Amino acid sequence: MEAVIGLLLMLLGVSHGVETYCDGRINGAQCYGALGGTVVLRLMDSTSGIHKYQWVKNKTVILIRRNDKFITNLLETRSSFTPSDGTFRISNLSRTDAGEYSLTIYETSGRVLDPQILQLNIQAPVSSVLLVAECLSQGEMRVSCSSEGGDSPQYSWTLDGHTLTDAQLLSGNKDSNTITLRQDISGQLVCSVSNHVSQVSKEEAMSTCGFIFIDCISNGTHISQWVFEANNTLCVESTTARIFTTEGKEPGMTMITVTEVSTVESLLICGLRTAVMILILIGIAVYFIWKKKKYEKAEGSAVPVEMDYENSVVMVEVRSSASEL
């Protein structure tokens, strides 16, 4: 009982001071007033040139004014009229004030203008908004937005100042009171609840549920799923080095690809690379040694042979003397 009384007092406190405006000069206007608040209705430009007018609600005469004097005013205790701009103000609105109103104007010239119809709707304003978030089994985050009071509430969502997109949602839509965010969505989430007489927002900082997307091959099995990072045992071994790369798998979702490389394989690859480099260096050294020897040999063959011409001449002379003898 105390809770109900407290809620009623809270709604009255919120409604008090809420003021709305409506241009009733437009025939068929839809006007809205806050329960317990004030509505300002523009019924005419001014009273200049008007001899008489009457305002009727559902065939009940609410007010009659002739020559700037009220003949009838059923709302006298909570209303006021401003002749200069033709506005009629009604305060402390209740549900019974809702309905169809018809204004008939009689000009001083004797002409009767066509009735102006307006529909006045009374709504309870939204008093407060509550956000509740929960993590689901696959890392999605369900967020519910509820409001206290408020007739015909409308919901809207923004993330970091921008309207939520379908790519950021797994289910629900940005106009519903419950949405489900994808696993990698985080930021400042705002839920706004409004109707024709009020708007209230609630903001919360949202973080992810701690899930990562695993995409790897382990023991010949392809694993592709969201897992809770803190408890993850998939694709993780004590003798395994993990290489993480981030790729966009689809709009609004981040995928973490895990590539496994065993320590033994890593050492073997490093050893082979080292051996190849050594063989290349040895080959280069052997090539330059062979090149040098070939060059030296070519230089040696190019040196001219000196002849001992004196001795040769002597030998000839000796042979000639012997034949003569």
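Quick caveat: nothing in here was measured; it's all calculated off a predicted structure. Throughout, residue positions are numbered sequentially from 1 according to the sequence presented.
Scanning both residues, Ser186 and Ser207, for their nearest heavy atoms gives CB-CA, 3.9 Å. Contact record, Leu164 with Gln168: CD2-OE1, 3.3 Å, taken as the closest heavy-atom pair. Taking both residues in full, the closest heavy atoms of Pro125 and Ser198 are given as CA-OG, 3.3 Å, listed atom of the first, atom of the second, then distance. Of all heavy-atom pairs spanning Arg182 and Ala167, the tightest one is NE-O, 2.7 Å. Of all non-hydrogen atoms in Cys22 and Gln30, the two that sit nearest each other are SG-O, 4.0 Å. Among all heavy-atom pairs drawn from Gly161 and Thr158, the shortest one is C-CB, 4.3 Å.
Taking Asp45 as the reference, Arg25 meet the salt bridge (charged side-chain N to carboxylate O under 4.0 Å, His left out) condition, with sequence neighbours excluded. Remark: Arg95 pairs with Asp151 by the salt bridge (charged side-chain N to carboxylate O under 4.0 Å, His left out) rule, at least two apart or across chains. For Val200, the side-chain contact (heavy atoms from CB on, under 4.5 Å) partners at least two apart in sequence or on another chain are Val126, Val129. Partners of Glu76 according to the salt bridge (charged side-chain N to carboxylate O under 4.0 Å, His left out) rule, which considers only residues two or more places apart in sequence or in another chain, do not exist here. Scored by the side-chain contact (heavy atoms from CB on, under 4.5 Å) test, Thr180 finds Leu136, Glu140, Arg142, Leu170, Ser171 as partners (sequence neighbours excluded). Remark: Glu107 engages Arg111 in a salt bridge (charged side-chain N to carboxylate O under 4.0 Å, His left out) (not counting sequence neighbours). Residues forming a side-chain contact (heavy atoms from CB on, under 4.5 Å) with Leu272 (at least two apart in sequence, or on another chain): Leu268. In this structure Val132 satisfies the side-chain contact (heavy atoms from CB on, under 4.5 Å) test together with Leu130, sequence neighbours excluded.
Around NZ of Lys57, the count of heavy atoms belonging to other residues, nucleotides or ligands within 6.0 Å exceeds 12. A 6.0 Å sphere centred on CG of Asn58 holds more than 12 heavy atoms belonging to other residues, nucleotides or ligands. Heavy atoms from other residues, nucleotides or ligands lying under 6.0 Å from CD of Gln154 number 12 at most.
Residue pairs meeting the ring-ring contact (aromatic ring centres under 6.0 Å, His included) criterion with at least one partner in residues 153-207, sequence neighbours excluded, are Tyr32-His196. For residues 90-137, the set of pairs meeting the ring-ring contact (aromatic ring centres under 6.0 Å, His included) definition, not counting sequence neighbours, comprises Trp55-Tyr101. For residues 133-152, no pair satisfies ring-ring contact (aromatic ring centres under 6.0 Å, His included), with sequence neighbours left out.
Because its NZ or CZ atom is both nearer than 6.0 Å to the ring centre of Phe70 and within 45° of the ring axis, Arg65 counts as a cation-pi partner of that residue.
Side chain to side chain, Gln138 and Gln183 fail the donor-acceptor criterion of an N or O pair below 3.5 Å.
Within the 4.5 Å cutoff, the side chain of Gln199 has heavy atoms near those of the Ser201 side chain. By the 4.5 Å heavy-atom criterion applied to side chains, Cys145 and Val143 are not counted as neighbours. Two residues are said to be in side-chain contact when any heavy atoms from C-beta on lie closer than 4.5 Å; His51 and Asn67 meet this criterion. Residues Ser192 and Val190 are in side-chain contact: their nearest non-hydrogen atoms beyond the backbone lie under 4.5 Å apart. Leu281 is not listed as a side-chain neighbour of Leu279, based on a closest heavy-atom distance of 4.5 Å or more. In this structure the side chain of Asn121 reaches within 4.5 angstrom of the side chain of Gln119, judged on heavy atoms. In this structure, the side chains of Leu35 and Val18 stay at 4.5 Å or more apart for every pair of heavy atoms. In this structure, the side chains of Leu169 and Leu181 come closer than 4.5 Å at one or more pairs of heavy atoms.
Note on Val40: it does not cluster hydrophobically with Leu75, by side-chain heavy-atom contacts below 4.5 Å among ILVMFWY residues. Residues Ile278 and Tyr287 do not share a hydrophobic cluster, defined by chaining ILVMFWY side chains whose heavy atoms lie under 4.5 Å apart. Ile284 and Ile282 are assigned to two separate hydrophobic clusters, defined by single-linkage of ILVMFWY side chains at heavy-atom distances under 4.5 Å. Residue Leu113 is grouped with residue Leu43 when hydrophobic side chains (ILVMFWY) are merged at heavy-atom distances under 4.5 angstrom, including chains of intermediate members. There is no path of hydrophobic side-chain contacts, each under 4.5 Å, that joins Ile64 to Met44.
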Table please: side-chain donor-acceptor pairs of residues 86-93 below 3.5 Å, with sequence neighbours left out.
from	atom 1	to	atom 2	distance (Å)
Thr87	OG1	Asp85	OD1	2.9
Arg89	NH1	Glu19	OE1	2.6
Arg89	NH1	Glu19	OE2	3.4
Ser91	OG	Arg78	O	3.2

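Rounding to the nearest 0.5 angstrom, the gap separating the OG1 atom in Thr60 from the CG atom in Leu74 is 8.0 Å. For the atom pair CD1 of Ile50 and CZ of Arg66, the computed distance is 14.0 Å after rounding to the nearest 0.5 Å. With values rounded to the nearest 0.5 angstrom, Glu100 atom CD is found 8.5 Å from Leu118 atom CG. Rounded to the nearest 0.5 Å, atoms OG1 (Thr208) and CD1 (Ile212) are 10.5 Å apart. One distance of note links OG of Ser152 with CD of Gln123; it measures 5.0 Å at 0.5 Å rounding. For the atom pair SG of Cys216 and NE2 of His222, the computed distance is 7.5 Å after rounding to the nearest 0.5 Å.
Without hydrogens or angle criteria, Asn195 side chain to Ala124 main chain gives a donor-acceptor distance under 3.5 Å. In this structure, Asn73 contributes its side chain and Leu63 its backbone to no donor-acceptor pair below 3.5 Å. Although no hydrogens or angles enter the test, the distance criterion places no donor-acceptor pair under 3.5 Å between the side chain of Thr82 and the main chain of Ser84. Judged by distance alone, the side chain of Gln116 and the main-chain N or O of Ser102 form no donor-acceptor pair under 3.5 Å. The main-chain N or O of Gln188 is found under 3.5 Å from a side-chain atom of Asp160 such that the two form a donor-acceptor pair.
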For this session: Walk me through it: do Val112 and Thr104 pass the test side chain to side chain contact (heavy atoms under 4.5 Å, CB included)?
Result: CA-CA 7 Å; Val112 180; Thr104 303; 3.9 Å; yes
For this session: Before giving the answer on side chain to side chain contact (heavy atoms under 4.5 Å, CB included), spell out for Cys191 and Val193 the whole-Å C-alpha distance, their side-chain angles and the decisive distance to 0.1 Å.
Result: CA-CA 7 Å; Cys191 173; Val193 185; 4.1 Å; yes
For this session: Go through the steps to decide whether Ser94 and Thr96 satisfy the test side-chain hydrogen bond (donor to acceptor under 3.5 Å, both in side chains), and finish with yes or no.
Result: CA-CA 5 Å; Ser94 65; Thr96 58; 2.8 Å; yes
For this session: Decide side chain to side chain contact (heavy atoms under 4.5 Å, CB included) for Ile185 and Leu159; before the verdict, give the C-alpha distance in whole Å, the side-chain angles of both, and the deciding distance to 0.1 Å.
Result: CA-CA 9 Å; Ile185 301 301; Leu159 183 69; 3.6 Å; yes
